[in-house]
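All of these numbers come straight from a predicted model, not from anything done at the bench. Side chains included, hydrogens not; waters and symmetry mates left out as well; all remaining heavy atoms used.
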Amino acid sequence: MLNMKILVEKHVPCQMRDGVTLYADIYRPHQEGEFPVLLTRLPYNKDLPFYSHRYLDTHRMVQNGYVVIVQDVRGRFHSEGEFYPFLYEAEDGYDTVEWAASLPYSNGKVGMFGLSYYGFTQLLAATEQPPHLQAMVPAMTLNDWRNNSLDKGGKFLVASSETWALESVAPEELRRKYGDSDEYRMLMEKMAGYYDRLEEWYSYKPVQEWPPLKELGAAAYFFDMLEGNVTDEMAQRMSILEKYHQIQLPAYHIAGWYDNLLQSTLKNYMELKKQGQAMQKLIIGPWGHGVFSSVIGERNFGLRASGDWIDGKDDLTALHIRWFDHWLKGEETVLRDEAPVRLFVMGINEWRDEQEWPIARAKYVPYYLHSEGKANSRFGDGWLSWEKPLLDEPEDMFVYDPANPVPTNGGGTLYAGVQTMGPKDQRQLEAREDVLVYTSEPLAKPLEVTGPVQVKLWAKTSAVDTDFTAKLVDVFPDGTAYNLTDGVVRAKYRNGTDQGEQIQNEILEYTIDLWPTSNVFLPDHRIRVEISSSNFPRYDTNVNTGDTMISSNVHQTAEQTIYHQEIYPSHIILPVV
């Protein structure tokens with residue numbers, strides 16, 4: 001069928017249960033017959049190839065015997081209704097799946113695909129259990145809208161939340177409100193001015209008065225979230241955290257070590273695998289959000305790392321076709337013989353199959369922080385070893401100033417372009433006095449770290465509330481220091497919720513979740529851990545007053561003390577394979 005002609009139908013209407021009409025573009029084989037349907041539902045304009053096709057060759061899907069439907073979600077571009085992120089996607093997804101199954105050229109079997117927002121539209125639709133939805137491929141996606149903007153630890157994801165609202169949501173809202181008018185053009189000029197200076201606007205506080213959106217009168221949901229105006233009923237509709245048991249479909253989950261939604265994608269896989277209702281598969285590449293290149297940040301992982309040539313054998317479109325051929329066409333494939341997990345091991349730059357995630361054979365090994373009391377910067381005396389600290393080892397101190405936070409430098413980010421994400425040389429940041437640096441001796445043999453990483457930190461602060469951050473770094477023989485993964489904890493949420501405990505001037509234990517990674521530290525490389533109190537603008541700066549930059553523009557400095565002694569053995573826990 002690969003030489004078939006493709007028939008394209010634009011702006012095909014689909015009516016929802018409440019009378020709102022959504023519109024889709026349909027790509028289908030130009031021949032008689034009934035075919036399975038592959039559906040994606042997105043808020044980014046079905047007419048733009050970057051979003052409607054992006055990392056997949058949807059034409060190749062059609063040539064392999066599928067109808068491909070790309071739909072604008074409610075309130076976006078050609079579709080009617082009011083847009084509110086994720087609020088209507090479960091019900092609208094159900095209605096669209098059943099409509100797609102009823103089309104005269106459909107054989108009644110529907111699969112869903114898509115990344116990020118349109119990865120989550122799949123999962124939300126699946127919670128409603130539309131009878132004709134048979135399989136899905138949710139890539140780099142969410143499980144709870146709030147937790148990927150304002151997480152349970154009280155941290156606000158400044159740059160990604162503000163960028164998405166201004167860049168992705170606001171322009172279409174303004175177009176729908178003002179049409180092709182002088183006022184619309186004036187507002188778009190103003191928006192462009194804000195966007196061109198976005199790095200400066202990330203620092204604006206209080207965020208709940210953020211001028212780029214306030215003055216445009218756009219993205220009201222953004223302020224609802226910050227001001228607590230999202231009701232419990234709304235929040236439930238925008239989450240699957242308590243609905244995994246309702247999703248009983250085979251799903252192929254696509255993740256990236258440097259994706260800002262890595263943690264939620266992995267949780268989706270693990271929770272659905274736990275249900276045992278249907279086959280779940282997982283692939284994790286050395287990728288960033290929507291970026292499947294072999295080059296990310298400042299590292300090249302080799303051509304076989306690319307989503308266009310996975311291990312020299314496959315590509316992402318072929319992966320989708322093979323998955324859907326199995327579930328929608330009933331074709332015998334190798335899926336049942338394949339390992340459920342495939343991951344890319346950085347350092348040795350190789351793909352490997354695994355039977356589970358996390359890897360059961362990994363041993364969680366503590367590496368302890370040490371110093372003579374001056375671990376400030378990479379020029380200090382901090383070191384890392386598996387030997388526990390002594391009784392009287394001196395503590396380290398630094399001053400955290402919210403007005404001069406440690407800048408974000410790579411990692412699992414998503415804001416102002418893909419150049420912000422991935423592995424980057426950390427040495428410039430490690431020259432700061434407010435960054436504590438602990439480095440191992442050069443390794444004599446390879447050491448593989450694959451799985452979730454945590455830091456156990458004993459610390460004291462002079463503030464009533466503050467943050468502590470940690471970063472795992474691979475130091476090359478020439479001194480180049482590439483970040484692998486990082487994390488942050490807010491003091492008053494250190495036990496998951498604000499329990500009103502005394503924090504100021506108390507030595508407390510903090511657990512910092514650095515998210516998972518997979519990397520082999522090669523011989524002559526060194527393992528490094530950075531400890532500080534900020535990573536901005538990936539996360540909001542803690543103003544150290546007990547308030548936040550969401551609602552306050554007042555801040556003060558904090559004196560931070562990090563302990564590494566026999567009774568306070570601060571360490572990183574590495575999953576050693």
Nearest 0.5 Å please: distance from the [atom1] atom of [X] over to the [atom2] atom of [Y].
X: L484; Y: L472; atom1: CG; atom2: CG; answer: 5.0 Å
X: N376; Y: E433; atom1: CG; atom2: CD; answer: 5.0 Å
X: L282; Y: L266; atom1: CG; atom2: CG; answer: 6.0 Å

(message) Which residues pass the ring-ring contact (aromatic ring centres under 6.0 Å, His included) test with W357, not counting sequence neighbours?
(response)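 For W357 the ring-ring contact (aromatic ring centres under 6.0 Å, His included) partners, ignoring immediate neighbours, are W257.
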Ignoring hydrogens and geometry, is there a side-chain-to-backbone donor-acceptor pair from [X] to [Y] under 3.5 Å?
X: E173; Y: A219; result: yes
X: S168; Y: A165; result: no
X: T265; Y: T141; result: yes

Strictly by modelled atom types, are [X] and [Y] linked by a side-chain donor-acceptor pair under 3.5 Å?
X: Y202; Y: T163; result: yes
X: T545; Y: H555; result: no
X: T466; Y: Q560; result: yes
X: T96; Y: Q71; result: yes
X: S552; Y: K205; result: no
X: Q426; Y: Y482; result: no
X: N268; Y: H253; result: no
X: Q263; Y: D513; result: yes
X: T420; Y: T413; result: yes
X: K46; Y: H11; result: yes
X: D434; Y: S532; result: no
X: S551; Y: Q208; result: no
X: Y88; Y: E82; result: no
X: N542; Y: Y400; result: no

(request) Identify the residue among F398, Y563, Y510 that makes a ring pair (Phe, Tyr, Trp, His ring centres under 6.0 Å) with F468. (result)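 When F398, Y563, Y510 are each tested with F468, the ring pair (Phe, Tyr, Trp, His ring centres under 6.0 Å) holds only for Y510.
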Looking at every non-hydrogen atom in both residues, tell me the closest pair between [X] and [Y] and how far apart they are.
X: L272; Y: L123; answer: CD1-CD2, 4.3 Å
X: L22; Y: D92; answer: CD1-OD2, 4.1 Å
X: I531; Y: L369; answer: CG1-CD2, 4.1 Å
X: H289; Y: S116; answer: NE2-OG, 2.8 Å

(request) Would you please name every residue forming a side-chain hydrogen bond (donor to acceptor under 3.5 Å, both in side chains) with S239, sequence neighbours left out? (result)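 For S239, the residues satisfying side-chain hydrogen bond (donor to acceptor under 3.5 Å, both in side chains) (neighbours in sequence not counted) are D144.
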(request) Could you pull out all residues at least two apart from D72 that satisfy side-chain hydrogen bond (donor to acceptor under 3.5 Å, both in side chains)? (result)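 D72 satisfies side-chain hydrogen bond (donor to acceptor under 3.5 Å, both in side chains) with no residue once adjacent residues are dropped.
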(message) Can you classify the ring geometry of W164 versus F83 as parallel (below 30°), tilted (30 to 60°) or perpendicular (above 60°)?
(response)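 Rings of W164 and F83: tilted, as their planes differ by 30° to 60°.
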(request) Please work out which of the three classes, parallel, tilted or perpendicular, describes the rings of Y221 and Y84, given edges at 30° and 60°. (result)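 It falls in the perpendicular class, over 60°.
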(message) Would you say the ring centers of Y204 and W210 fall short of 6.0 Å from each other?
(response)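 Between W210 and Y204, which both carry aromatic rings, the centre distance is not below 6.0 Å.
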(request) Sort and list the pairs that fulfil salt bridge (charged side-chain N to carboxylate O under 4.0 Å, His left out) and have at least one residue in residues 465-474, not counting sequence neighbours. (result)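 For residues 465-474, and leaving out neighbouring residues, the salt bridge (charged side-chain N to carboxylate O under 4.0 Å, His left out) pairs sorted by first residue read K155-D467, D467-R490, K471-E530.
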(message) The criterion is side-chain contact (heavy atoms from CB on, under 4.5 Å); which residues satisfy it with E501, sequence neighbours excluded?
(response)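 side-chain contact (heavy atoms from CB on, under 4.5 Å) list for E501, sorted by chain: R494, N495, I503.
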Would you mind checking if [Y] and [X] are paired as a salt bridge, meaning a charged N to carboxylate O distance below 4.0 Å?
X: E91; Y: R17; answer: no
X: E430; Y: R427; answer: no
X: E189; Y: R185; answer: no
X: E172; Y: R176; answer: yes

(message) Could you work out, with salt bridge (charged side-chain N to carboxylate O under 4.0 Å, His left out) as the rule, every residue matching K267, not counting sequence neighbours?
(response)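 With sequence neighbours excluded, K267 shows a salt bridge (charged side-chain N to carboxylate O under 4.0 Å, His left out) to E271, given in chain and number order.
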(request) Applying salt bridge (charged side-chain N to carboxylate O under 4.0 Å, His left out), run through R175 and D180 and close with a yes or a no. (result) CA-CA 7 Å; R175 185 194 68 81; D180 186 21; over 6 Å; no
(message) Show, in sequence, the C-alpha distance, side-chain angles and deciding distance for T408 and N535, and conclude whether the side-chain hydrogen bond (donor to acceptor under 3.5 Å, both in side chains) test is met.
(response) CA-CA 5 Å; T408 300; N535 183 350; 2.6 Å; yes
(message) A side-chain contact here means heavy atoms from C-beta on lying under 4.5 Å apart; do V207 and F222 qualify?
(response)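 When only atoms from C-beta onward are counted, F222 and V207 do touch, with a gap below 4.5 Å.
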(request) Could you go through the side chain to side chain contact (heavy atoms under 4.5 Å, CB included) check for I69 and M112 one step at a time? (result) CA-CA 9 Å; I69 299 179; M112 292 187 76; over 6 Å; no
(request) Apply ring-ring contact (aromatic ring centres under 6.0 Å, His included) to the pair F77 and Y23, showing each step before the final yes or no. (result) CA-CA 9 Å; F77 299 94; Y23 290 87; over 10 Å; no
